[in-house]
Amino acid sequence: MGVNLRKINDWTWEIPREADMLVSGRVFSSAALLASIRDDLSLEQVRNVAHLPGIVGHSLAMPDIHQGYGFPIGGVAATREVDGVISPGGVGYDINCGVRLVTMALDERDVSARLDALVGALYAAVPAGVGASSGFRKLGESELRKVVTEGARWPVAHGHGDADDLLHIEEGGCLEGAEPDAVSAQAYARGREQLGSLGSGNHFLEVEVVDEVFRPDVADVLGLRKGGVVFAIHSGSRGLGHQVCTDYLRVMDRAMAKYGITLPDRQLACAPLRSEEGQAYFRAMKAAANFAWANRQTMTGLALGAFERVFGMGRGALGVRLLYDVCHNIAKIEEHVVEGASMRVCVHRKGATRAFPPHHPLTPVAYREVGQPVFIPGDMGRCSYVLVGQPRGMEECFGSSCHGAGRLLSRQAALKAGAGRRLQEELLERGVHVRARGVKTLAEEMPEAYKDVSEVVSVMDALNLTHIVARLRPIACVKG
DNA sequence: ATGTCC
């Protein structure tokens, strides 16, 4: 066992192409971060992904890489649109899991005395937990089919947010080409009561303070000022997206035999992008992605209602502005330069965020001069980061960045380490008001269960793949 | 991540 890892520089490592690999592997990491994954199979997974038909560039991994289903979490793989494959394992079970950040006119001193009330109000406003049901209302299948077609536009049309929000969401909050018929009745059944619900695990609502600004000019453009309060949501497509993934893994398993594709791991199940099966998955994936954007948009409306009630002021007085919303579990057709030639590729980002540079046509107009914003949640006790995309990231990793801290302890190990501890009180002593629906969640998600996110983003910055703009410190947190 | 085992 073991993977042949060759050091290129302090933060770049190569898995040389050998045997049936179509490209080499490339891992952006530090020696210390690599040491934390020595007991999992994520590097083997990077090597396995290099066998995908049509893969170009390298099988890539970000510094927060850890083992996932087939593909590593923190992995990026681009396949040729004309003759490459698409794989549900390269997107993940939580299709369009992502993060959005809302800035406000409030400063820390305006909210510090009311945090207990605020976290309570947020907890009451947004349903959380595994089986959590809708913060909106139960939807009929015909309504749900509109949601998966329209994405974030749907809640905006139904009282949650305004049209300006859509300009500050990746893809405008809606991937074109979603096909409601490609989503199973079972997926709709699971989703009909889940619009506007947080979910569980690492998903959260968080009130944070801008703790440190590293690039003031960029922070100004993004509307971030030291001491300012921001609100973050990390969530995805809930049971609907999970069911889409499950449904199409089965479809892909059959397609592998049909198209004569053999791969080192069955969990990499895939089909040619241009096949019937590949297109069906892609269209269903887009539908689930749109549901996730509608979900985060709905939750934003619900959560801002809580802010309004606690502080007795409206959205205007609160100075609410959606900074941006990014996804980190998705596959998209994009134009990239590969070996000197421009080509259309299907970029799988699993636990990796798009990070387009300044002046890229898909970088939102408001941020065209500074680059696309990226949000990197750390853990609930330490900090999170705001980054922006850089040209080097386009050249090295298809305009992508890391997505988080990455787990250090398994859920089970974290549960054991948290046994007998009063984590809620410990976090309060660190200045974080936490409310969790499940007692187990708090232990599984405790700060010690995660790598140091500062180390992760410093690798990205050192390589100029993305730049660090600001560090955020949590002051209130709602978990599922 | 997830109606955490159809």
Side-chain angles (χ1 to χ4, degrees), chain A residues 40 42 45 64-75 87-99 126-135 138-139 141 144 183-205 233-250 253 267 284-285 287-289 291-293 295-296 299 326-331 348-353 377 379-380 403-407 409-416 418 436-445 449-450 478-480:
Chain A
D40 76 18
S42 48
Q45 294 186 322
D64 51 337
I65 179 187
H66 53 286
Q67 191 179 327
Y69 180 90
F71 292 61
I73 294 158
S87 174
V91 171
Y93 272 94
D94 191 2
I95 295 165
N96 190 3
C97 185
V99 189
V126 182
V130 178
S133 60
S134 185
K138 187 167 178 173
L139 300 173
E141 192 175 308
L144 210 40
V183 176
S184 69
Q186 203 178 355
Y188 283 126
R190 289 178 69 172
R192 63 188 304 180
E193 288 190 80
Q194 294 186 324
L195 187 67
S197 68
L198 183 65
S200 182
N202 60 7
H203 290 169
F204 61 73
L205 308 175
I233 298 179
H234 177 207
S235 184
S237 51
R238 309 286 285 105
L240 185 143
H242 191 275
Q243 190 62 44
V244 166
C245 183
T246 304
D247 290 340
Y248 282 93
L249 280 171
R250 199 168 302 140
D253 218 36
Q267 294 185 351
M285 183 217 73
F291 181 81
W293 272 313
N295 190 29
R296 291 198 286 275
M299 278 189 278
V326 291
C327 47
H328 52 229
N329 278 5
I330 199 90
H348 298 70
R349 295 191 183 91
K350 181 190 194 177
T353 310
D379 59 75
M380 57 181 154
H403 87 304
R407 289 198 81 88
L409 304 177
S410 69
R411 291 187 186 282
Q412 193 150 356
L415 265 181
K416 209 172 151 187
R437 190 168 185 275
V439 274
K440 273 172 63 178
T441 309
L442 214 51
E444 287 172 358
E445 294 295 313
Y450 283 91
V478 173
K479 301 285 291 182

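Because the structure is a prediction, the values reported are computed rather than measured.
Going from atom CZ of A/R250 over to atom P of B/dC6 covers 10 Å, rounded to whole Å. Across the protein-nucleic acid pair, A/N295 atom CG and B/dT2 atom P stand 10 Å apart, rounded to whole Å. Counting to the nearest Å, the P atom of B/dT2 and the CG atom of A/L198 are 8 Å from each other. In this structure, the CG atom of A/N96 is 13 Å from the P atom of B/dT2, given to the nearest Å. Residue A/I95 contributes atom CD1, which lies 12 Å from atom P of B/dT2 at whole-angstrom precision. What separates CG of A/L415 from P of B/dT4 is a distance of 16 Å, to the nearest Å. Following rounding to the nearest Å, A/Q243 (CD) and B/dC6 (C1') show an atom-to-atom distance of 12 Å. Between the CD atom of A/Q412 and the P atom of B/dT4 there is a distance of 17 Å, rounded to whole Å.
Both A/C97 and A/E444 sit near DNA chain B, but only A/C97 has its closest nucleotide nearer the 5' end.
Using a 4.0 Å cut-off, some side-chain N or O of A/R238 falls inside it from OP1 or OP2 of B/dT2.
Using a 4.0 Å heavy-atom criterion, one finds that A/S237 contacts no nucleic acid atom at all. Across all strands, A/G131 comes closer than 4.0 Å to no nucleic acid atom at all (heavy-atom distances). Using a 4.0 Å heavy-atom cutoff across all strands shown, A/Q194 reaches sugar-phosphate atoms only and no base atom. Residue-level contact check: A/G236 touches neither bases nor backbone, having no heavy atom under 4.0 Å from any strand. When heavy atoms are screened at a 4.0 angstrom cut-off, A/G199 is found touching the sugar-phosphate backbone but no base atom.
Of all the heavy atoms in A/Q243 and A/S184, the pair that sits closest is CG-OG, 4.0 Å. In terms of heavy atoms, A/A288 sits closest to A/G241 at CB-CA, 3.9 Å.
Between the side chain of A/D40 and the backbone N or O of A/Q67 there is at least one donor-acceptor pair closer than 3.5 Å.
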Output a table of donor-acceptor pairs, distance under 3.5 Å, between side-chain atoms of residues 191-199 of chain A and any protein atom two or more places apart or on a different chain; print 'none' if there are none.
from   : atom 1 : to     : atom 2 : distance (Å)
A/R192 : NE     : A/L139 : O      : 3.1
A/R192 : NH2    : A/L139 : O      : 3.4
A/Q194 : OE1    : A/G239 : N      : 2.9
A/S197 : OG     : A/Q194 : O      : 2.8
A/S197 : OG     : A/R238 : NE     : 2.8

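When the side chain to side chain donor-acceptor pair (under 3.5 Å) test is applied to A/H328, the partners found at least two apart in sequence or on another chain are A/H234.
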